[in-house]
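Every value quoted in this text rests on a predicted model; they were computed, and no experiment measured them.
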Amino acid sequence: VHLDAVKTIGMRAMSADTISLMKAPNKKPIARVVNTVERAVGRRDLVLARKGVRDSVVSLAGLLGCPVTNEDGREIGRLVDVVVKHGQDAYPPVSGLIVKVGLRRSFIDGARIAKLERHQIRLSSTTINLTDYKRRSDESLLDADVLDHQIVDVNGLRVVRSSDLYLAPLDKEIRVVGVDISFVTFLRRIFPGALGRRATPQHVLDWATVASLADTSGVVKTSGSKTALSQLRPADLADLIEDLAGREQSALIEMLDPELAADALEEMEDEELQGLLRGLSEERAAELLSRMEPDESAEVLRDLADEHREDILKAMDSKMAKQLRQLIAFDETLAGGIMTTHMVFAQENDTCGAALARLVENRDRDISDGVVIVDSKGKLVDHIQIIELVAAKSTALLSTLIGPPYPTSVQIDSPLEEVIEEFSNNRGASIVVIDEKGKPVGRILADDLVDALKPEEQHGLSKGTGALS
């Protein structure tokens, strides 16, 4: 159980000696990130690597406005848009066509497509049942929703704009297989004729390596892109989110696992995050903020307009909302204003095994440096590091580990200068924050302190503080 606990929780605790290094995060080389993503997507399985697919791709921009004919070659109408169904397929299948027939815009089932050519689409029968198109929740329009919208190139870790989309026969269906992001292709669409409407696969990203973010309900979902996005570091995802605009930002958030999305939000610049929250529903904003570190959430909520902040808090679980309201009430120049309330408590007569199990249960929270020991009245007794728990027998009582050096603590209303001084003297992983009765109410980690070390005009710190000199 000890080894499993260490592997599950991870050693994320940090000493005060590392504070100065935290201002410049150690980024994983991009090449390593890209390699990870390519393994996740399955580089060898990308369909544009197949010659047969490359040779058969057809430009969406070239098809728009072109004739749709029946089996006999008689024109039925002109193509207005292509409907795709999104879900678990890495390459979304075409579920239908929107065709202008006279003054009507009619829907033709994608199963009727017999042949896709550069300048026309041929159907498989002479009699076609034309119906009015009604958008379904799992469908997107390629021209209206995706073309000329922002997408995420997962391999390149960048936000780009789609200049054209490419379709090809694949697995007995017509599917979206690639997206062209080149400026030349954009010009080709503006000035048709001279440059022609020929596909240019050398400038095309395989659809499995992108995340398209622009349908009216939020996302054109593909299993490949979701898997690839989940492999990225929160800091890289934060950069991608900040590069997006409007509904595309919200759409990328919707693609992510809520825990990963919350981690990414914690890495965003304050102004960018506030703008993002304004674009989300109160329910979604409440869900994400509830999963963030309480001190990070409180910092964001402080800067929101009062009415918006209250709307988000009302959408939260009442217990979490109460906790955040208490944190928001604290001045950011005091210990209570920068502490996190995530802690794991235990008592002296608990076993080391039980304490480790409790840490594992809370492994998604940043509490990996140990457990806080309290007495029967809830007052602070000690803080046991995880390494001590691992080294002890699982049946041993925590009382056998209690002893000096005891944890450094500060009052909840202690000024930031005092917190910095205690951190410098203690040189430990964290400081426990206690109330007037000596009960632990939070803790301050090294990264919390770094976040607080901003220019003195923001916090009113004197230059004489050793930590700032």
Quiz item: Do Ile253 and Leu265 have side-chain heavy atoms sitting under 4.5 Å apart?
Solution: yes
Quiz item: Taking the side chain as C-beta and beyond, is there a heavy-atom pair between Val371 and Leu356 under 4.5 Å?
Solution: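 No, too far: nothing below the 4.5 Å cut-off.
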Do the side chain of [X] and the main chain of [Y] share a donor and acceptor less than 3.5 angstrom apart?
| X | Y | answer |
| --- | --- | --- |
| Ser59 | Ala61 | yes |
| Asp206 | Leu48 | yes |
| Arg358 | Phe345 | yes |
| Asp303 | Gln274 | no |
| Arg78 | Leu64 | no |
| Asn70 | Gly73 | yes |
| Ser56 | Ala168 | no |
| Arg175 | Leu170 | yes |

Just verifying a value: how many Å separate [X] [atom1] and [Y] [atom2], rounded to the nearest 0.5 Å?
| X | Y | atom1 | atom2 | value |
| --- | --- | --- | --- | --- |
| Met320 | Ser297 | CE | OG | 7.0 Å |
| Leu313 | Ser318 | CG | OG | 11.5 Å |
| Leu260 | Leu237 | CG | CG | 5.0 Å |

Self-check item: Within 6.0 Å of CZ in Arg309, more than 12 heavy atoms from elsewhere
Solution: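 Yes, the 6.0 Å shell around CZ holds more than 12 heavy atoms from other groups.
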Quiz prompt | Electrostatic pair Asp295:Arg443 at N-O distance under 4.0 angstrom | solution =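 Salt bridge flag = no for Arg443 with Asp295.
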Practice problem: Give a yes or no on whether a salt bridge exists between Glu266 and Arg291, defined as a side-chain N under 4.0 angstrom from a carboxylate O. | Solution: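 Answer for the salt bridge query: no.
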Quiz item: Listed by chain and number, what are the ring pair (Phe, Tyr, Trp, His ring centres under 6.0 Å) partners of Tyr133, not counting sequence neighbours?
Solution: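 Tyr133: ring pair (Phe, Tyr, Trp, His ring centres under 6.0 Å) contacts with Phe107.
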Quiz prompt | Closest approach of Arg302 to Ile328 (non-hydrogen atoms, all atoms of both residues) | solution =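 Heavy atoms of Arg302 and Ile328 come nearest at NE-O, 3.4 Å.
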Practice problem: Taking atom types as modelled, find out whether Glu75 and Thr69 have a side-chain donor-acceptor pair closer than 3.5 angstrom. | Solution: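 Looking only at side-chain atoms, Thr69 and Glu75 do not form any donor-acceptor pair under 3.5 Å.
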